[in-house]
Number of protein chains: 2
Amino acid sequence: MTTEPEKLQEARDLFIEQWGAMGSLWGVTRTMAQTHAALLAAEEPVSTDDLMHELGISRGNANQTLRQLVEWGLVRSVRVRGDRKEYFVAEKKVWKIFCIIARERKRREIDPALAVLRECAARTNGLRNRNAKGFHKLVSQLADFLSTANNILERAAAREESTVIPALLKLFG
Amino acid sequence: MTTEPEKLQEARDLFIEQWGAMGSLWGVTRTMAQTHAALLAAEEPVSTDDLMHELGISRGNANQTLRQLVEWGLVRSVRVRGDRKEYFVAEKKVWKIFCIIARERKRREIDPALAVLRECAARTNGLRNRNAKGFHKLVSQLADFLSTANNILERAAAREESTVIPALLKLFG
DNA sequence: CTGTAGTTTCAGTAAATACTGAAATTACAG
DNA sequence: CTGTAATTTCAGTATTTACTGAAACTACAG
């Protein structure tokens with residue numbers, strides 16, 4: 001016989017493990033994604049010590065990871081009166097989580113890549129020989145596509161979920 | 001004075017380096033992304049030896065990386081008659097490249113994640129206490145969102161670029 | 001102020017990941 | 001078939017990346 005709390009604990013562990021594995025999807029370490037998962041799965045604010053014990057990681061690691069999550073905006077820190085400790089709470093609205101992750105990936109990876117692609121296109125603009133022409137065309141197309149995709153994502157992320165998902169489902173459903 | 005071929009070479013190197021850095025965006029090694037870039041930037045089919053020299057990597061690495069790119073469908077191998085060597089050519093249509101990468105990420109990472117989220121939701125279905133209810137709601141919402149996003153992407157990737165991008169621009173422009 | 005709980009930092013270390021290179025295998029030309 | 005060029009494989013190694021833990025620092029209570 002499995003009790004309810006045991007079932008919950010198992011499901012929670014499974015979730016933390018899987019969410020951790022998804023770290024590579026948005027370019028963060030396994031530990032950071034697991035930390036995010038642990039906070040998502042918590043009903044109460046969580047302290048650095050709670051986290052260290054739950055995930056079996058060092059204080060330094062827990063502290064750095066939490067700071068990073070706060071910086072991203074996925075987590076905010078809360079204070080309990082009469083307690084010196086800092087506690088942490090995760091943003092739980094799925095659409096917000098998605099927007100934050102998309103924004104960070106864009107800022108950290110897509111924008112710099114786009115700048116370089118444009119630079120490559122500019123440097124080979126007007127060159128005469130066949131190879132140069134082919135290369136120029138390719139990087140220009142890549143830059144245009146990335147730029148367009150980027151814009152679409154940015155505009156979508158600025159809206160409310162209710163005005164985005166239904167429209168997309170209508171378009172592609 | 002910089003000659004045209006020199007300018008091209010510089011731009012090409014810049015491109016290879018940057019495309020390599022983007023490997024993490026779709027979950028492949030830097031070398032695999034660089035290899036892809038080198039093939040994209042080539043007007044002629046490229047051999048394993050060409051690649052080893054261009055990127056300064058070992059034969060084993062070049063071979064494995066090329067095989068993987070072929071498996072993904074981003075590269076195909078071509079044979080030159082009267083030559084025993086195998087040569088490689090990259091798919092250059094940007095929309096196709098995008099679709100292939102999206103498909104692989106979906107298959108390798110999103111689908112398994114979705115299965116686990118659903119399992120977590122199922123295991124906590126009907127549990128009574130507050131924590132379990134909150135957790136069940138969260139993972140259900142995450143699973144639904146991921147599933148919807150997945151479907152939209154899949155349907156979009158099955159279409160022609162000309163029927164997707166303009167529609168999205170109209171929707172979000 | 002002073003003592004203490006809490007937090008941050010970062011040099012050193014551990015773990016994960018990617019790469020090498022040479023031996024084994026395959027595939028082709030003669 | 002036979003010899004040779006090309007490719008594949010993978011155990012060992014290098015490199016990169018993430019983590020630890022203890023010392024330094026900070027901020028609060030008394």
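Proteins get letters first, then strands, A, B, ... in listed order; numbering begins at 1 in each.
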Exercise. Roughly how many Å is it from CZ in B:R30 to P in C:dA18, rounded to a whole number?
Worked result: 13 Å
Exercise. Salt bridge check: are B:D49 and B:K85 linked by an N-O gap of less than 4.0 Å?
Worked result: no
Exercise. A:E86 near the nucleic acid: base, sugar-phosphate alone, or nothing, with a heavy-atom cut-off under 4.0 Å?
Worked result: sugar-phosphate
Problem set entry | Candidate nucleotides D:dT20, C:dT8, D:dT7, ranked by approach to the side chain of A:R67 - the nearest | C:dT8
Problem set entry | Atom of B:A41, atom of A:L138 and distance for their closest heavy-atom approach | N-CD2, 4.4 Å
Exercise. B:I57 or A:F88: which one's nearest nucleotide on DNA chain C is closer to the 5' end?
Worked result: A:F88
Problem set entry | A:R76/A:E91 salt bridge by N-O under 4.0 Å criterion | no
Problem set entry | Minimum-distance nucleotide (side-chain atoms of B:R84 versus C:dT20, D:dT4, D:dT7) | D:dT4
Seminar exercise, completed: Here the distance between atom C1' of D:dA29 and atom CZ of A:R81, to the nearest Å, is 15 Å
Exercise. Do you see a donor-acceptor pair shorter than 3.5 Å between the side chains of B:D13 and B:Q9?
Worked result: yes
For this session: Can you tell me the distance, in whole Å, between the CE atom of B:M52 and the P atom of C:dC19?
Result: 14 Å
For this session: Output the single nucleotide from D:dC28, C:dC19, D:dA18 whose closest atom is nearest the side chain of A:T29.
Result: D:dA18
Seminar exercise, completed: Whole-Å distance, B:N63 CG to D:dC10 C1', equals 12 Å
Problem set entry | Spacing of A:K85 atom NZ relative to D:dT26 atom P, expressed in whole Å | 21 Å
Problem set entry | Rounded distance (Å) that lies between atom P of C:dC19 and atom CE of B:M32 | 12 Å
For this session: Classify the side chain of A:R59 and the base of D:dT20 as holding, or not holding, a donor-acceptor pair under 3.5 Å.
Result: no
For this session: Please figure out whether B:T48 or B:N61 has its closest DNA chain D nucleotide nearer the 5' end.
Result: B:T48
Exercise. Can you tell me how far P of D:dG21 sits from CD of A:Q64, to the nearest Å?
Worked result: 14 Å
Exercise. Can you tell me how far C1' of C:dT8 sits from CD of A:Q68, to the nearest Å?
Worked result: 15 Å
For this session: Using the six-membered ring wherever Trp is involved, compare the ring planes of B:H36 and B:W19 and label them parallel, tilted or perpendicular (cut-offs 30° and 60°).
Result: tilted
